[in-house]
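Keep in mind that the numbers below use all heavy atoms, side chains included, and drop hydrogens, waters and symmetry copies. Sequence lines set the chain letters: A, B, ... in the order given, protein chains first and strands last, and positions in each chain run from 1.
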Amino acid sequence: MTDMTQDLTFAARSQWWDVWEQFKTHRGALFGMIVFATILAVCFIGPLIWPVDASTVNIGARNQGMSLAHPFGTDQLGRDLFARLMMGGRISLVVGSAAMILSIVIGTAVGMISGFFRLVDGVLMRLTDLFLALPLLPLLLVLSMLFRDPLSAVFGVELGTLLLIVAAISLTSWMGTARVVRSDVLTLKEREFVLAARSIGVPTWRIMPRHILPNVLSSIMVSATLMMATAIMTESALSFLGLGFPPEFATWGRLVSDGIDYLQDYPGRAILPGFLISLTVLSINYIGDGLRDALDPRIRGH
Amino acid sequence: MLTFTLRRLFLMVPTLLVIALAIFLLLELSPGDPMSQLPLSIPEDVREGLRAALGLGDPWYVRFLRWLYLFAVVEPSHMLAAATGLDNLAIEGPRLISFQTRSPVADLIMQRLPQTLWVVGLSYLVGTLLALPIGIYSAYRQYGWFDQFGVLISMAGFSLPSFFTGPVLILVFSIWLGWFPTVYDTMLTVSDWSSFWLQVRQMILPVAVLSLLNLAQISRFVRASVLDNLGQDYVRTARAKGMTERVVLLVHVLRNSMIPVVTVIALGFPTVFTGAIITEQLFRVNGIGQLLITSIYASDVPTVMTLSVIFAALVVFFNLVADVLYGLLDPRIRYD
């Protein structure tokens with residue numbers, strides 16, 4: 001008797017445990033996760049261990065190479081590059097995750113509503129098409145030119161720019177998620193379990209979060225990782241073009257664009273932040289790849 | 001098929017009108033003032049006169065309609081006149097003038113277009129031509145060493161931003177090895193072999209940067225599509241009938257797997273124009289992307305407006321092209 005209970009408890013595994021088991025077998029994804037966790041840890045915990053201010057100008061110590069005092073050297077104004085890289089990483093990661101969350105929320109909402117309610121489907125899908133046809137980078141550039149000053153005046157420079165960039169990126173990137181979620185919802189709502197829920201009198205507003213949402217979650221998660229990678233890239237591109245954060249905020253994109261002027265003499269200054277952007281995006285993409293495999297029940301268990 | 005195409009072409013017009021209006025209203029909110037570049041010593045009434053001369057005094061809907069008329073009627077007539085040599089085709093009167101340079105926007109675009117077409121078009125061509133064999137061979141030997149390498153390359157192409165690959169290539173090939181120039185010289189005229197060689201050398205780096213991105217995206221699609229087809233019954237039939245592997249892969253599978261790939265290539269066409277903004281900035285290519293960014297900095301509303309609408313038109317148009325191609329190539333898909 002006791003043996004049987006033990007067997008039962010052993011057999012009881014959650015879905016997420018299965019997903020993790022499958023995820024672990026994807027070498028690239030596991031590696032990506034370790035790299036991403038390291039970057040996260042260094043950017044957010046690093047300043048506690050390396051408390052050098054990123055914007056302190058020290059002309060006497062400018063353009064230094066690698067040393068114990070400055071592990072990655074200093075820039076043309078003598079600012080510590082290691083501290084600036086950590087600061088840039090914090091901004092990039094915060095912008096990336098915030099933009100990802102907002103864009104996923106918008107995309108999921110639009111996708112769920114247009115998949116579920118035929119009445120608004122046409123309108124919402126035309127809207128999605130319209131947004132897909134809008135030229136993204138120009139639009140982002142115009143948006144950041146337009147609203148930078150008003151938002152900075154209300155929320156302060158740092159928070160204002162952050163809000164602006166997050167809003168601009170997510171407003172121009174939710175369409176993919178919306179389409180994926182809509183197509184999932186369209187097939188799900190015809191399934192038997194939804195019919196069963198309806199037949200026992202579950203109202204629509206309860207069916208959507210309780211029965212539909214958990215089933216589209218896997219597509220949303222894959223979409224979310226890709227979105228975060230894109231958001232970090234877009235933010236860096238904006239900063240690189242000088243339309244992101246103001247100069248005193250050392251985002252990775254801006255560090256690259258500042259470093260390019262000194263490429264000949266101090267190549268590390270442009271290459272390092274560029275390398276960090278690439279490494280972050282690459283690791284997130286690999287995590288997304290692993291998640292896609294792990295969340296697909298057809299692949300899982302093989 | 002024809003009715004579908006015509007209907008979609010017809011639908012393009014309202015879509016583009018809405019997009020143009022959206023961009024116009026967005027620019028309308030812009031705090032940037034084209035007058036801010038002028039010296040402060042200009043008296044206020046002259047300033048007002050200048051604003052009126054630029055047509056800034058009218059209400060927004062008048063200006064939008066005027067822009068629309070200039071964009072859709074006057075400028076095309078001038079282009080047509082220049083193309084055919086018949087001067088009387090061109091409509092008399094004001095033209096769509098850039099605030100920044102005081103010359104017609106169409107002329108600016110025509111000046112910048114060749115550089116963009118050469119660099120971006122060539123990189124798209126190179127990326128596609130490389131992506132096809134890589135994708136096909138990766139799929140044929142799935143999980144082989146070449147496939148693993150191909151996946152890594154396409155992952156890298158997705159993840160490395162052009163403002164990282166660009167400086168790395170400049171550093172290695174221009175500064176350390178000294179093979180190629182760092183800056184694209186648009187004044188260079190190709191007249192003999194040596195200047196042609198210079199032109200080739202200065203194009204290699206920007207084309208390489210842009211090709212990597214295209215290569216990554218297209219090779220992934222080719223691989224997925226060929227993999228899909230390799231598992232189909234007709235492949236087994238072809239092999240059973242004694243076709244050589246070469247014929248099976250390059251005739252039977254390839255033709256069928258090209259259907260989605262062709263649409264992806266068509267869809268990617270317009271994004272290359274906007275994607276070139278950063279690369280053009282990096283290598284100082286004075287193409288369309290650079291024109292857009294300098295116009296945004298200078299609050300040059302007519303140029304930004306015109307370029308954005310052209311980009312949007314390209315996206316909408318190539319969406320249509322992709323759909324039509326899909327219907328033409330795949331007999332299972334019929335729109336009517």
By salt bridge (Lys or Arg N to Asp or Glu O under 4.0 Å) - contacts of A/R179 (at least two apart): A/D129
Student check: side-chain heavy atoms of A/I277 and B/F164 closer than 4.5 Å: no
Nearest non-hydrogen partners of B/P161 and A/M233, listed with the distance: CB-SD, 3.6 Å
Those residues that, when tested against B/F158, pass ring pair (Phe, Tyr, Trp, His ring centres under 6.0 Å) (two or more places apart): none
Residue part contacting chain B, namely of A/S283, when any heavy atom lies under 4.5 Å: neither
Crowding at CZ, B/F149 (>12 non-hydrogen neighbours, <6.0 Å): no
Those residues of residues 165-173 of chain B, ordered by number, that approach chain A below 4.5 Å (heavy atom to heavy atom): B/P167, B/V168, B/I170, B/L171
Over all atoms of both residues, closest heavy-atom pair of A/N285 and B/M155: O-CE, 3.6 Å
Interatomic spacing from CZ in A/F240 to CG in B/L282 - rounded to 0.5 Å: 4.0 Å
Can you give each donor-acceptor pair under 3.5 Å made by side-chain atoms of residues 16-26 of chain B, sequence neighbours left out, with the distance rounded to 0.1 Å?
none

Pairwise side-chain contact, A/S257 with B/F163, heavy-atom cut-off 4.5 Å (strictly under): no
Enclosure of A/F31 CZ (heavy-atom neighbours >12, cutoff 6.0 Å): no
Heavy-atom closest pair, residues B/S159 and A/L282: OG-CD1, 3.2 Å
Spacing of CD1 belonging to B/I293 relative to CG belonging to A/L241, to within rounding of 0.5 Å: 4.0 Å
Options A/V281, A/I232, A/I284, A/L279, ranked by heavy-atom pairs under 4.5 Å with chain B, top entry: A/V281
